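It should be emphasised that the depicted structure is a prediction, and the values quoted were computed from it without experimental measurement.
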Amino acid sequence: MFAQSLYRSLAVTTVAVAAYVVPAVSQAQVVAPDALIKQISTEVIDTVKSDKAIQGGDIGKIISLVDTKVMPHVNFQRMTSLSVGRHWRTATPEQQKRLQEEFKVLLVRTYAGALTQVKDQTVQLKPYRAAAEDTEVVVRTEVKGKGEPIQLDYRLEKTDGGWKIYDVNVLGVWLVEQYRGSFNQEIGATGIDGLIKKLADRNKAASAAKG
């Protein structure tokens with residue numbers, strides 16, 4: 001379903017980034033979780049709307065957009081580890097690094113095509129309730145455009161570097177849960193290196209097709 005892919009792309013663009021270490025920030029600088037999601041979503045959508053190269057499917061510019069606008073606000077290591085599940089603990093540091101790299105490329109390339117179709121969409125926050133002492137929260141939003149609004153929910157954790165996204169729910173499906181099933185099946189059949197190879201092969205095939 002095109003609409004499903006389009007709106008999923010808006011969410012994935014918010015989380016499809018590499019692991020990144022951000023310097024700690026003071027409490028006075030910490031942006032509230034709901035304000036952070038609103039800021040990121042709006043900046044990404046506005047950039048896509050104004051950039052003809054991105055609308056034309058320029059993967060390099062899409063990756064650059066994600067890296068510059070979103071990277072500091074995502075715990076991609078946690079997202080990858082949750083997607084891999086229990087096997088993450090037995091992976092070597094090099095395997096963990098490769099999984100993160102290939103997972104990032106997979107997410108960006110999978111939804112790059114849909115991202116080029118962004119036109120009149122806007123993001124609206126739904127009522128947000130959380131206690132001041134909460135260290136993990138869910139921020140719920142709606143993407144509005146033509147047709148019915150699409151629900152996007154984000155899971156965030158509070159860190160020394162501010163609030164970080166580590167999972168997203170699109171149309172009732174959490175991204176981490178969606179990938180965990182297929183990842184575990186592949187690891188069970190071919191091991192962690194087999195999963196890395198499968199992801200790398202898919203990325204190479206997508207790159208060749210695009211080229």
Side-chain angles (χ1 to χ4, degrees), residues 1-17 19-20 22 24-50 54 62 65-83 107-108 110-111 114-181:
M1 180 179 177
F2 170 75
Q4 190 168 346
S5 297
L6 170 59
Y7 293 117
R8 189 183 298 275
S9 76
L10 300 178
V12 171
T13 300
T14 310
V15 296
V17 294
Y20 184 68
V22 181
V25 296
S26 69
Q27 282 298 113
Q29 294 174 302
V30 173
V31 179
D34 55 337
L36 178 65
I37 293 298
K38 178 67 173 180
Q39 172 190 322
I40 297 172
S41 301
T42 300
E43 287 182 356
V44 168
I45 291 176
D46 287 350
T47 300
V48 172
K49 289 178 181 178
S50 63
I54 291 179
I62 292 173
L65 167 64
V66 173
D67 286 348
T68 57
K69 295 291 187 181
V70 190
M71 181 184 291
H73 309 294
V74 178
N75 185 343
F76 195 70
Q77 178 176 341
R78 183 176 182 187
M79 188 175 76
T80 307
S81 67
L82 289 173
S83 298
L107 293 177
V108 173
T110 296
Y111 300 105
L115 190 61
T116 64
Q117 303 301 314
V118 171
K119 297 189 184 304
D120 62 348
Q121 289 75 20
T122 60
V123 176
Q124 293 189 4
L125 295 176
K126 299 179 75 173
Y128 172 72
R129 297 178 182 84
E133 64 271 16
D134 287 346
T135 57
E136 298 207 6
V137 300
V138 175
V139 175
R140 306 183 189 281
T141 74
E142 284 185 341
V143 178
K144 294 188 175 183
K146 294 181 179 178
E148 293 295 318
I150 302 298
Q151 176 183 333
L152 299 180
D153 300 337
Y154 298 87
R155 282 180 173 148
L156 299 93
E157 64 174 348
K158 193 173 187 179
T159 73
D160 290 340
W163 288 95
K164 299 288 185 291
I165 303 163
Y166 67 91
D167 200 2
V168 60
N169 183 313
V170 185
L171 298 173
V173 179
W174 287 102
L175 185 72
V176 163
E177 182 180 340
Q178 179 182 18
Y179 278 102
R180 185 185 298 133

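In this structure the side chain of M79 never reaches within 4.5 angstrom of the side chain of V168, judged on heavy atoms. V139 places none of its side-chain heavy atoms less than 4.5 Å from the side chain of L36. For the pair I37/L152, no side-chain contact is recorded, criterion being any heavy-atom separation below 4.5 Å from C-beta on.
Although no hydrogens or angles enter the test, the distance criterion places a donor-acceptor pair under 3.5 Å between the side chain of D134 and the main chain of A131. No donor-acceptor distance shorter than 3.5 angstrom exists from the side chain of K38 to the backbone of T141, with no hydrogens or angles considered. Distance alone, capped at 3.5 Å, places no donor-acceptor pair between the R140 side chain and the Q151 backbone. Between the N75 side chain and the R78 main chain, a donor and an acceptor come within less than 3.5 Å of each other.
Scanning all heavy atoms of the two residues, the minimum distance from T122 to K49 falls at CG2-NZ, 4.5 Å. Considering every non-hydrogen atom in both N169 and V173, the closest pair reads OD1-N, 3.1 Å.
Contacts of R155 classified as salt bridge (Lys or Arg N to Asp or Glu O under 4.0 Å), with partners at least two apart in sequence or in another chain: D167.
Separating the CZ atom in F76 from the CD1 atom in I165 is a distance of 12.0 Å, to the nearest 0.5 Å. Here Q121 contributes atom CD and E142 contributes atom CD; the two are 13.5 Å apart, rounded to the nearest 0.5 Å. Between T135 atom OG1 and W163 atom CH2 the span is 6.5 Å, to the nearest 0.5 Å. The distance from atom CD1 of I45 to atom CD1 of I40, rounded to the nearest 0.5 Å, is 12.0 Å. Atom CG of D153 is separated from atom CH2 of W174 by 5.0 Å, given to the nearest 0.5 angstrom. Taking NZ of K164 as the reference point, atom CD of E157 lies at 8.5 Å (rounded to 0.5 Å).
Residue pairs meeting the side chain to side chain donor-acceptor pair (under 3.5 Å) criterion with at least one partner in residues 123-133, sequence neighbours excluded, are Q124-K144.
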